[in-house]
Amino acid sequence: MANMSFNLMSHHLLPPTSNHSIPTTSHCLQNPKSSLQNSTRKPIILPSLLSLALTVTLGSPLPVLAIPSLNSQSNVAPPPPTTPFSQAKNLKTGLEFGKIRPCPSINPGCVSTNPRSSSFAFPLEIPANSLDNAIQRLKEAILETQKNPKIQIVEDTPDGQYLQAEFDGGFGRDVVEFLVKGDLASYRCMATKVTYLYPFTTALGNSQGQEERMKKITDQLGWYAPSFEAMD
């Protein structure tokens with residue numbers, strides 16, 4: 001009887017031996033487990049997005065980059081430096097738009113009938129008795145008044161008869177050009193070699209030498225040469 005009472009009391013005092021965990025303990029253990037599960041799932045999303053981005057990038061056409069060719073500019077020589085001295089070595093002659101050219105700014109020893117010249121001269125007036133052979137008369141006057149003359153060009157153009165000649169000047173060869181049209185002979189007379197005094201870039205010379213040269217030719221021709229002095 002005593003043993004039976006003890007067993008009943010021990011049955012009520014001892015905690016039940018159930019296989020289920022204690023609710024409070026199991027609740028505390030479930031939170032770390034769930035957070036661990038969540039932490040293991042998040043990295044799975046990033047590789048998926050990365051894989052998708054790589055697929056789109058590889059599947060899309062790549063932009064074309066404008067890369068200059070190495071050979072495109074390697075064979076092109078840079079333009080030479082332009083200076084008044086270098087320009088003076090390549091003075092242009094011949095007609096420009098059917099007219100005598102103006103004097104270059106880099107050639108102060110020049111006279112031209114072109115109105116755009118700083119050293120301007122009036123065209124020669126051809127008398128009536130020289131209209132038929134004006135070019136021939138000009139050739140003869142040049143050969144008779146200049147040193148070591150050489151007739152370079154004589155040609156008919158749509159704008160008149162053109163003549164170009166060379167002869168000895170002060171520092172080299174000088175050139176004279178004539179354009180005969182109607183009863184007028186326009187001209188330009190200049191030195192082909194321009195002298196510079198180092199280190200300045202201003203050419204030496206003046207137009208008086210060319211004016212004197214043209215006066216000799218005009219006097220030989222006997223043609224009238226208008227001038228500002230004659231108008232005073």
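The shortest non-hydrogen separation linking Pro108 to Ile106 is CD-O, 3.6 Å. The shortest heavy-atom contact between Asp159 and Gly98 is OD2-CA, 3.2 Å. Across every non-hydrogen atom of Ser117 and Ser112, the tightest pair is OG-CB, 3.3 Å. Taking all atoms of both residues into account, the shortest heavy-atom contact from Ala191 to Asn107 is O-ND2, 2.8 Å.
In this structure, Leu184 is not a member of the same hydrophobic cluster as Val154, with clusters built from ILVMFWY side-chain heavy atoms closer than 4.5 Å. In the hydrophobic cluster analysis, where Ile, Leu, Val, Met, Phe, Trp and Tyr join through side-chain heavy atoms closer than 4.5 angstrom, Phe167 is grouped together with Tyr187. In the hydrophobic cluster analysis, where Ile, Leu, Val, Met, Phe, Trp and Tyr join through side-chain heavy atoms closer than 4.5 angstrom, Ile100 is grouped apart from Trp223. Connection of Leu131 to Leu138 is established within a shared hydrophobic cluster, with ILVMFWY side chains joined at heavy-atom distances below 4.5 Å, either directly or through further cluster members. In the hydrophobic clustering of ILVMFWY residues, with side-chain heavy atoms under 4.5 Å counting as a link, Leu143 and Leu221 come out together.
Counting heavy atoms from C-beta on, the side chains of Lys92 and Pro104 never come closer than 4.5 Å. Side-chain contact between Cys110 and Cys189 is absent, with no heavy atoms from C-beta onward closer than 4.5 Å. Residues Ile151 and Glu166 form no side-chain contact, since every pair of their non-hydrogen atoms from C-beta on lies 4.5 Å or further apart. By the 4.5 Å heavy-atom criterion applied to side chains, Leu163 and Ile142 are counted as neighbours.
The pair Glu96-Arg116 meets the salt-bridge criterion, with a side-chain N (NZ, NE, NH1 or NH2) lying under 4.0 Å from an Asp/Glu carboxylate O.
Around atom CG of Asp132, no more than 12 heavy atoms belonging to other residues, nucleotides or ligands sit under 6.0 Å away.
With values rounded to the nearest 0.5 angstrom, Arg101 atom CZ is found 13.0 Å from Ser186 atom OG. Between the CD atom in Gln220 and the CD atom in Glu140 there is a gap of 9.0 Å [rounded to 0.5 Å]. Taking OG1 from Thr145 and CE from Met214, the interatomic distance works out to 9.0 Å, rounded to the nearest 0.5 Å. Between the CD1 atom in Ile153 and the OG1 atom in Thr93 there is a gap of 6.0 Å [rounded to 0.5 Å]. Between the CG atom in Leu95 and the CD atom in Gln164 there is a gap of 9.5 Å [rounded to 0.5 Å]. Atom CD1 of Ile135 sits about 10.0 Å away from atom CD of Glu155, to the nearest 0.5 Å.
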Pair up each side-chain donor or acceptor in residues 170-179 with any protein partner under 3.5 Å, not counting sequence neighbours, and list the distances.
unit_1: Arg173; atom_1: NH1; unit_2: Asn148; atom_2: O; d: 2.9
unit_1: Arg173; atom_1: NH1; unit_2: Asp168; atom_2: OD1; d: 2.8
unit_1: Arg173; atom_1: NH2; unit_2: Asn148; atom_2: O; d: 3.4
unit_1: Asp174; atom_1: OD2; unit_2: Gln210; atom_2: NE2; d: 3.1
unit_1: Asp174; atom_1: OD2; unit_2: Arg213; atom_2: NH2; d: 2.8
unit_1: Glu177; atom_1: OE1; unit_2: Arg188; atom_2: NE; d: 3.1
unit_1: Glu177; atom_1: OE1; unit_2: Arg188; atom_2: NH2; d: 3.0
unit_1: Glu177; atom_1: OE2; unit_2: Gly94; atom_2: N; d: 2.6
unit_1: Glu177; atom_1: OE2; unit_2: Tyr162; atom_2: OH; d: 2.4

